[in-house]
Amino acid sequence: MKQTRKLWLRSLIIALSSFVVAMALNFFGVFSYFENKTYDIRMMNASKHKRPCDKIAFICVDQESIDFASEEYGWSWPWPRESYARIIDFVSAGDPSSITFDILYTEPSIYGERDDIALGAAEARSQKVIQTFFISEEDCDKALFPVPPIKESAALLGNITSAKDDDDTIRRSRLFYEYDGTAYPSLGIAPVLLENPDADFSDVPKLKDGSVLLRFANSIDDYFPYSAKDILQSYDAWKAGQEGPLAPEDFEGLYVFTAYYAPGLFDICSTPISKVYPGVGIHITTLDNYLSGDFMRMIPFWVNVAWALFVCLFASAIVALCESYFAQYSSITISAGIVAGLALCLFVPVALFNAGFWLRLVAPLFAFILCALASIIFSLSVEGKQKRFIRSAFSQCLSKDVVNQIINDSASFTLGGKKFQMSAIFTDIQKFSSFSELLTAGQLGCLLNFYLTKMSDIIIDEKGTVDKYEGDAIVALVGAPVKMDDHAKRACAAAIKMKKAEVQMNKDIINYAQNPKPAWMEEELHSAFKTLIENKKNIFTRIGINSGEMIAGYFGSERKKNYTMMGNNVNLASRLEGVNKQYHTGGIMISEATRNLLDDDFVVRSLDRVRVVNINAPIKLYELLEEKSKAGQDLLDYVAAWENAMKDFEASDWQKSKQGIEALLKKRADDNVAKYYLHLLDDYFLKGTYPQEKDNEGVAFNPEDGVFTLLQK
């Protein structure tokens, strides 16, 4: 009994000590950064369940609208302010609750004073227009107001000054700002006051500084987005007495926001759900939260303190209970208890956050872990079983990824390799030497960084390891240094994603080349894009994949060593990358060994049995096309028909094989692989001859065993 009392007293002291340490660190702001990051993660999760208010609409001046106005009206950028007068007149005819502009008009129009007067006149007709002004964060005595014709006709002014946290992220907003003795509403709350000047904000959950915590929706695009192009087209039709894409009645009773939404024009803010969030979204979210009554609420300080104390007591109690009543199974029970405690420390704050309440996560979690560690270490030191017990207690709670395993295992840095069943990936850009002739060294380097970063990230996301770069080529492996049973599937998934990324990359290059350089982009990269487009160049990646036993490890010297792979199966993957050129594939060639590990998860089509340069044993080639789960029925039917044609080809039924391939080409005239086989049939097999080395076809056919010999690497 006395020993038990000592045990529980010790547990209480450890719990209180851990609690005091955690609260002291929290008081000095040690956890602020981490708490903000967990807040952002929770907000991203909660935003998926946030239903946007259906009373809010968003008119965006996007790139499509700018292009339309240039062609239709001859407007250069910036638009004349009379264009926004048209928007106001059209929307106002539908009796909206308000029309809020997140556009600064602090300088006179470049089109002259009459342009400002035209916008002011539209405001006067509407009586529902809220204009923007800006109070300087550095000097609260300075403010930027709209020019007089616009300011004086606006129904109300709203301030757009941000309420940023120390990490420049906007998680909250203020309802009012004081300037020159007058309290101005924020742009997000101004529509409420326009509709009801006596609106009561006493029930809004404010922080000590008067700001409110925002609850974001998943995307600003969830708020009835309308393109300014459609509004302008509808205005023209409306004035002509015709029916347009939209009617003024579509905006009846809505709170309408208008803002720039073209790349490079709108304000970019950092928020919990996006680092490139449009500034107008802050004001829309503020209004949404007010109308929906779902501002985030901060849990009172004393509740956070009580929660931290509770988890400390829980952690120490786990160890004490196991020592007292489950000594024989203490390792298992303590591990289970710690897992349950960690889950509790995470689940409660996340569940409350989804319900709209912010309970601190990091400080209590730290307190729990500190208390659990202290309790375990103290317990094991008393029993003399510290090392064994800690390993047993935490082995079920902590996972080791590839990087941590290498860092923590000093033996892994010794020279030499281990045998692994894994997959090797080799990639190369087709005709990259022609790129080099067109680009400067600086442009070429920027282009390679752009390409290699995207492709390498895909490989790494599939748990692959980038071995090295050889110019534009990537050498990678999947299945080492940590064993993976699904290495072939991961390698093939990475290859397919790389080819899809390549398609998007080529589209992006065209888009970037045809538009002004983004602020983040280096000038040499932008100029490289333009040079590629001018010379009609695009990126096409060839990929070779082979699976089997290979050696991976650190090779070199004690002073200089690299983690790499070697073996015949590695060499074969390298050869397969080049074989894509011979068969004119869509870019991905895999070996029979890889194909046999894919089960039915991927769509592949069989090619020839070949002998590759420097490798005597014949191998079966396959072209990898798509993941089975993402393939359409047309592709599956096409591949089934292809396999029938290839069976005829392998059976030397050349005429029937030709008929099958010709039928396929009628469905897909751009199938270059089919065109290649049709060429072989027409020019050789149907004439009773076979491709030989002297024919300069790149292959030689042996009729005795039906195997092609590849003559090029």
Side-chain angles (χ1 to χ4, degrees), residues 1-35 37-39 41-42 298-353 357-400:
M1 183 66 68
K2 183 177 180 182
Q3 188 66 27
T4 302
R5 283 199 299 268
K6 284 185 176 181
L7 173 62
W8 284 99
L9 178 60
R10 184 193 73 197
S11 299
L12 179 61
I13 293 172
I14 292 175
L16 292 176
S17 300
S18 301
F19 167 75
V20 170
V21 170
M23 290 300 99
L25 294 174
N26 186 69
F27 176 79
F28 288 108
V30 173
F31 302 127
S32 296
Y33 172 83
F34 303 101
E35 184 64 34
K37 295 308 174 186
T38 64
Y39 181 99
I41 293 172
R42 284 179 278 173
M298 179 177 283
I299 297 289
F301 177 73
W302 71 267
V303 176
N304 282 279
V305 172
W307 171 245
L309 178 59
F310 168 77
V311 297
C312 286
L313 293 172
F314 183 82
S316 61
I318 291 172
V319 179
L321 282 170
C322 292
E323 279 192 57
S324 300
Y325 303 105
F326 306 102
Q328 185 177 357
Y329 307 103
S330 59
S331 298
I332 298 174
T333 53
I334 288 178
S335 298
I338 290 173
V339 170
L342 289 171
L344 186 68
C345 289
L346 296 173
F347 174 78
V348 172
V350 170
L352 286 173
F353 200 94
F357 298 92
W358 180 19
L359 179 68
R360 299 280 177 171
L361 186 152
V362 176
L365 179 63
F366 174 84
F368 175 85
I369 294 174
L370 178 63
C371 185
L373 283 172
S375 298
I376 292 172
I377 292 173
F378 198 95
S379 174
L380 293 179
S381 64
V382 171
E383 298 178 7
K385 303 175 182 179
Q386 180 176 348
K387 185 175 181 180
R388 179 181 61 82
F389 192 82
I390 291 177
R391 183 184 298 111
S392 175
F394 288 96
S395 62
Q396 300 174 42
C397 306
L398 305 177
S399 62
K400 299 178 181 179

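Heavy atoms only: backbone and side chains are in, while hydrogens, waters and symmetry mates are out. No experiment lies behind these values; they were computed from the predicted model shown.
Contact between Ala22 and Phe366 at its shortest, heavy atoms only, is CB-CD2, 4.0 Å. Between Glu35 and Val362, the shortest heavy-atom contact is OE1-N, 2.9 Å. Summarising the geometry of Ile14 relative to Ala374, their closest heavy-atom pair is CG2-CB, 3.8 Å, with the distance given to 0.1 Å. Contact record, Arg42 with Leu361: NH2-CB, 3.7 Å, taken as the closest heavy-atom pair. Residues Cys345 and Leu365 come closest through the heavy atom pair CB-CD1, 3.8 Å.
Here the straight-line distance linking atom CD1 of Ile13 with atom OG of Ser18 works out to 11.5 Å at 0.5 Å rounding. With values rounded to the nearest 0.5 angstrom, Asn26 atom CG is found 10.0 Å from Phe19 atom CZ. Within the model, atoms CG of Leu25 and OG of Ser32 stand 11.0 Å from one another, a figure rounded to the nearest 0.5 Å. Note that CE of Met23 is 13.0 Å distant from CZ of Phe28, once rounded to the nearest 0.5 Å.
Taking the six-membered ring where the residue is Trp, the centroids of Phe353 and Trp358 are separated by 6.0 Å or more.
Here Arg360 pairs with nothing under the salt bridge (charged side-chain N to carboxylate O under 4.0 Å, His left out) rule; sequence neighbours left out. Looking at residues two or more places apart in sequence or on another chain, you find a side chain to side chain contact (heavy atoms under 4.5 Å, CB included) between Ile299 and Val303, Asn304, Phe357, Leu359. Shown here are the ring-ring contact (aromatic ring centres under 6.0 Å, His included) partners of Phe310, two or more places apart in sequence or in another chain: Trp307. With sequence neighbours excluded, the residues that form a side chain to side chain contact (heavy atoms under 4.5 Å, CB included) with Ala15 are Cys312, Leu313, Ser316, Cys371. Listed by chain and number, the residues in a side chain to side chain contact (heavy atoms under 4.5 Å, CB included) with Ile41 amount to none (sequence neighbours excluded). The side chain to side chain contact (heavy atoms under 4.5 Å, CB included) check on Tyr33 picks up Lys37, with sequence neighbours excluded.
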